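All chains are named by letter (A, B, ...) in the order of the sequence lines, taking the proteins before the strands, and each is independently numbered beginning at 1. Nothing here was measured: the structure is a model prediction, and the numbers come from that model.
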Amino acid sequence: MNAIEVQNLCHRYKGKSVYEDLSFSVPRGSVCGLLGKNGQGKTTLVNILMGFLKPVSGRCLVLGENSHNLSPSLRKRVGLLHEGHQAYEFMTIAQTETFFSRWYPDWNRDIFYDLVNRMGLSPGHKIRQMSCGQRSQVVLGVIMAQNPDLLILDDYSMGLDAGYRRLFLDVLHDFVAAGDKTVFVTSHIVQDLEQLVDTLLFLDQGRITQTPLKDFMTSFKKFTFTAEKGQVLQKDTVITGLEQRGNRITLYTYGEMDDLKSHLAGLGIRPKDLQQSPMSLEDGFIGLMGKY
Amino acid sequence: MWQSLFMKEWLKLRWYFTAAFLVHLGAALKILLDIRQIILMEHGEMVWYQAIHLHTLFYGPLRYLPLITGLVLAAAQFMPEVSGRRMRISLHLPMDQNRMLFLCLLAGLFHLGVLAVLDLLLTAAILLWYFPHELALASLPTLLPWINAGFIAYLGAVHLLLEPSWPRRVFYALVFTALSSLHFAGSGYGWLTPALPFFLLLSPLALLGVLDTGRRFRQGGVS
């Protein structure tokens, strides 16, 4: 059973196509990271999934319901973190807890205050007077205390320093470990997702590629070498991604070392010190999607 | 859950409502002092002549007050929701979205209603203190269009704040400005009383219109 199912999704914004025939699914119990460069439509996709935008065509199911018309009982099962950690800024911490606790039958006050008390702020502290990181803790507390079946996090890392990001990841790890929970997350700090997700969705120019993290990190490879002076490489069917700083070249490919060697030879390139280098998810992301 | 929603609306409105309450009390005090001064300064016949023959309305300070209050309360209630599209937080709550918006509007209209009742009671009480009850009660139908203009202004402002499309915003601004200004046409006691039933119909219609604007807000293009 899939927690999220998108079939043949098409969407346009101001006459420009955002997606054409987008299809993917997020199985229940998985942690799925949606990656894409800025402006590729990650937030738009989250907005469509939550019914805040109506797509031109296609079908989106969230926990089996049409995303365009999610019932209140289903919304109760979905924890949603809006881009920018949006919260009611006119409320205090205690008012936020009181407000949200009445909407969710499984609300766990202890979880909320466990997360919020780490900041050492009084319950009467106004959300408006908090830093982005502090606000993110309150929002995280709200969605965790709901005990949702599906978590949708739209760029949770926005504006957070390393400490708050790590805290977020710790909480998400514990949440997933509780079992049968699904997380759909977008983040512009790609590296963080390496510690969290089991499935990757790459969104690029309206097309989506879905792959298990493990498969991607083993099949996609990073090679480095020094080229002869003046030699310039181009992307092609073997070379998926390329970074060149002076004569030092980093390239990304799904091929093996031997395939690459013969391919480079065919191009008339004589690589010096060609070696496979350790690849982080961020490296892989740049290798696959490009820098801009 | 509706108690929770009302708590949220109260948190946004409380300071603005308190300030509005004090301003409305101040307006009533001004009416009282103005009438008292006229009676002290002028002969009784002159006051009577002004009231009966010239149709002088002694409660002029209330003329635009409900309208301004309606605009302020709408802004206080909905600006925090539309800035950064924070209303998506409310729209994700487990409640029918139309019902949720309707309850939010009801909370705003209730606060506006409390101020309207305050205006009517205080004005009637002040006029009854100084004038025969026929004249005092004649003030109520004269005040009602001004009060209704406050409700229309409130609902119009909510339309403008929630509406995602600029052409529609301009259209709503024109329509609600025209509708509000109708409530201030003419002068004298009960000038608009024959039109009052039609005016009172406008608020429920505008209320239903907000639900449609709310639907467009939910689906309003965020890339």
- Item | Side chain B/Arg86, main chain A/Ala87, donor-acceptor under 3.5 Å |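 Indeed, once roles are kept as given, a pair shorter than 3.5 Å links the two residues.
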- Please check if the side chain of B/His92 supplies one atom and the backbone of A/Leu81 the other of a donor-acceptor pair under 3.5 Å.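 Checking the backbone N and O of A/Leu81 against the side chain of B/His92, no donor-acceptor pair under 3.5 Å is found.
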- Message: Using a 4.5 angstrom heavy-atom cutoff, name the option from A/Phe90, A/Trp103, A/Phe99 with the most pairs to chain B.
- Response: A/Trp103
- Query: Hey, which of A/Met50, A/Glu89, A/Lys54 has the most heavy atom pairs under 4.5 Å with chain B?
  - Reply: A/Glu89
- Identify the heavy atoms of B/Met7 and A/Thr98 that sit nearest to each other, and give their distance. SD-CG2, 4.3 Å
- Message: Which heavy atom of A/Phe52 sits nearest to which heavy atom of B/Arg88, and what is that distance?
- Response: CZ-O, 3.5 Å
- Message: Within residues 97-126 of chain B, which residues come under 4.5 Å of chain A, heavy atom to heavy atom?
- Response: B/Gln97
- Query: Would you say the side chain of A/Phe100 lies within less than 4.5 Å of the side chain of B/Ser4, judging by non-hydrogen atoms?
  - Reply: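 No - every pair of side-chain heavy atoms lies 4.5 Å or more apart.
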- Taking B/Leu93, B/Leu91, B/Leu5, B/Leu11 one by one, which has the highest count of heavy-atom pairs under 4.5 Å against chain A?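 Sorted descending by pairs with chain A, the first entry is B/Leu93.
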Among [range], which residues come closer than 4.5 Å to chain B, judged by heavy atom distances?
{"range": "residues 104-116 of chain A", "result": "A/Tyr104"}
{"range": "residues 138-158 of chain A", "result": "none"}
{"range": "residues 61-77 of chain A", "result": "A/His68, A/Pro72, A/Arg75, A/Lys76"}

